[in-house]
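Just follow the structure's listing: the first ligand is 1, and inside any ligand the first atom is 1.
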Amino acid sequence: MRVDVVTVFPDYLAALDLSLIGKARQAGLLDLRVHDLRDWTTDRHRTVDDTPFGGGAGMVMRPDVWGTALDDVLGDDGHLVVPTPSGEVFTQRHAEALATEEHLVFACGRYEGIDARVAEHYRASGRRVSELSIGDYVLNGGEVATLVMVEAVGRLLPGVVGNPESLVEESHGAAGLLEYPVYTKPPVWAEHEIPEVLLSGHHAKIARWRRDRALERTATRRPDLIAALDVAALDKHDLAT
Ligand SMILES: CC(C)N1CCN(Cc2ccc(Cn3ccc4ccc(-c5n[nH]c(N)c5C#N)cc43)cc2)CC1
């Protein structure tokens with residue numbers, strides 16, 4: 001997979017040189033290229049923004065600069081991803097769908113956002129465009145959201161995560177439940193012991209205990225997920241473990 005990121009803060013994406021995503025890049029599993037939007041400006045001040053039509057606070061990012069940049073970077077096959085507070089909320093389902101793409105291009109806005117005609121233009125020209133938000137809180141730009149989405153998508157690519165098994169049993173997985181509590185050595189820490197069932201070696205009981213803790217957590221912390229619960233998948237998933 002090729003991923004291009006266009007931003008006025010290229011250094012913000014340096015974190016993608018680290019850890020799993022960094023290793024995936026070195027292994028050639030992920031071809032990640034970060035571009036400075038100002039490289040497509042034509043004035044001596046390298047201007048990327050202007051005042052909003054209709055008035056209001058702040059500045060808006062210019063469509064002409066973004067258009068020349070994206071025309072260069074999107075190529076024939078790029079799927080344009082625009083992080084925005086007004087986007088569809090990004091979920092694991094979006095990560096799974098984006099992980100099937102050959103080429104993603106992330107447009108990182110700043111200020112009050114990117115002129116709306118940019119996304120419109122590429123959608124109208126038949127290109128896949130996803131306007132996505134990573135959650136209901138306000139950030140200062142699209143770079144942090146891009147880091148989140150590139151990691152969520154990158155870890156799903158074949159060969160990136162050492163044990164593909166671990167991609168199956170994870171939060172918001174097939175059964176739609178939150179993760180159960182996990183423990184490791186020492187068996188006693190600060191007078192806290194390990195739940196006995198986890199020391200029993202009885203796999204069916206351990207699976208049932210984990211399923212019950214995941215249900216409990218989901219009901220307490222994310223009751224919204226309970227409504228969408230796929231009970232059939234839950235039992236199948238549970239019996240498979
Ligand atoms: C009334 C009037 C003064 N209000 C002024 C604030 N407006 C909303 C507003 C708020 C902040 C930004 C800054 N910004 C620029 C590009 C950009 C991309 C993503 C995100 C972003 N924020 N939160 C997420 N989950 C995001 C994602 N993904 C934020 C971005 C842009 C826009 C709403 C109108």
Q: Taking atom 27 (C) of ligand 1 as the point of reference, which of Thr84, Val82, Ile114, Val60 owns the nearest heavy atom?
A: Thr84

Q: For atom 10 (C) of ligand 1, which of Val144, Val138, Val148 has the closest heavy atom?
A: Val138

Q: Determine whether Arg93 and Glu96 satisfy the following criterion, salt bridge (Lys or Arg N to Asp or Glu O under 4.0 Å), listing intermediate values before the conclusion.
A: CA-CA 5 Å; Arg93 303 302 157 259; Glu96 289 160 358; 3.2 Å; yes

Q: Run the contact test for Gly87 against ligand 1 with a 4.0 Å cut-off on heavy atoms, strictly below, and give the result.
A: no

Q: Starting from atom 3 (C) of ligand 1, which protein heavy atom do you reach first, and at what distance in Å?
A: Ala57 CB, 4.4 Å

Q: Taking the non-hydrogen atoms of Leu132, is any one of them nearer than 4.0 angstrom to ligand 1?
A: yes

Q: Does the protein put a heavy atom under 4.0 Å from atom 34 (C) of ligand 1?
A: no

Q: With a 4.0 Å heavy-atom cut-off (strictly under), which part of Tyr111 contacts ligand 1: side chain, backbone, both or neither?
A: backbone

Q: Should Arg217 and Glu179 count as an ion pair when the cut-off is N to O under 4.0 Å?
A: no

Q: In terms of hydrophobic clustering (I, L, V, M, F, W, Y; side-chain heavy atoms under 4.5 Å; direct or indirect links), are Tyr111 and Trp66 co-clustered?
A: yes

Q: Where the closest heavy atom to atom 11 (C) of ligand 1 is concerned, which of Val81, Leu139, Asn140, Asp136 has it?
A: Leu139

Q: Let's go through Leu37 and Met61 carefully: what are the C-alpha distance in whole Å and the side-chain angles of both, what is the deciding distance for side-chain contact (heavy atoms from CB on, under 4.5 Å) to 0.1 Å, and is it a yes or a no?
A: CA-CA 11 Å; Leu37 176 68; Met61 299 192 95; 3.7 Å; yes

Q: If you take the nearest heavy atom of each of Gly135, Ala107, Pro85, which one is closest to atom 9 (C) of ligand 1?
A: Pro85

Q: Quiz question: by atom type and distance under 3.5 Å, do the side chains of Asp76 and His103 form a donor-acceptor pair?
A: no

Q: Write out the residue and atom name of the closest protein heavy atom to atom 7 (N) of ligand 1, then the distance separating them to 0.1 Å.
A: Glu112 OE1, 3.8 Å

Q: Which residue supplies the protein heavy atom nearest to atom 24 (C) of ligand 1, what is that atom called, and how far is it?
A: Tyr137 O, 3.4 Å

Q: Considering only protein heavy atoms, determine whether one is less than 4.0 Å from atom 1 (C) of ligand 1.
A: no

Q: So does Leu132 get a backbone contact from the side chain of Ser130, meaning a donor-acceptor N/O pair under 3.5 Å?
A: no

Q: Relative to the heavy atoms of Pro83, which atoms of ligand 1 are at a distance of less than 4.0 Å?
A: 18 (C), 19 (C), 28 (N)

Q: Does any N or O atom in Arg110 lie less than 3.5 angstrom from one in ligand 1, N or O only?
A: no

Q: Would you call Glu216 and Arg213 a salt bridge, using N to O less than 4.0 angstrom?
A: yes

Q: Is there a polar contact between ligand 1 and Met149, counting only N or O atoms under 3.5 Å apart?
A: no

Q: Give a yes or no on whether atom 13 (C) of ligand 1 lies under 4.0 Å from any heavy atom of the protein.
A: yes

Q: Between Arg155 and Val161, is there a donor-acceptor pair closer than 3.5 Å when you use the side chain of the first and the backbone of the second?
A: no

Q: Under 4.5 Å between side-chain heavy atoms, hopping through other hydrophobics if needed: is there a path connecting Val197 to Leu215?
A: no

Q: Are Phe9 and Val60 linked, directly or through intermediate hydrophobic residues, by side-chain heavy-atom contacts shorter than 4.5 Å (ILVMFWY only)?
A: no

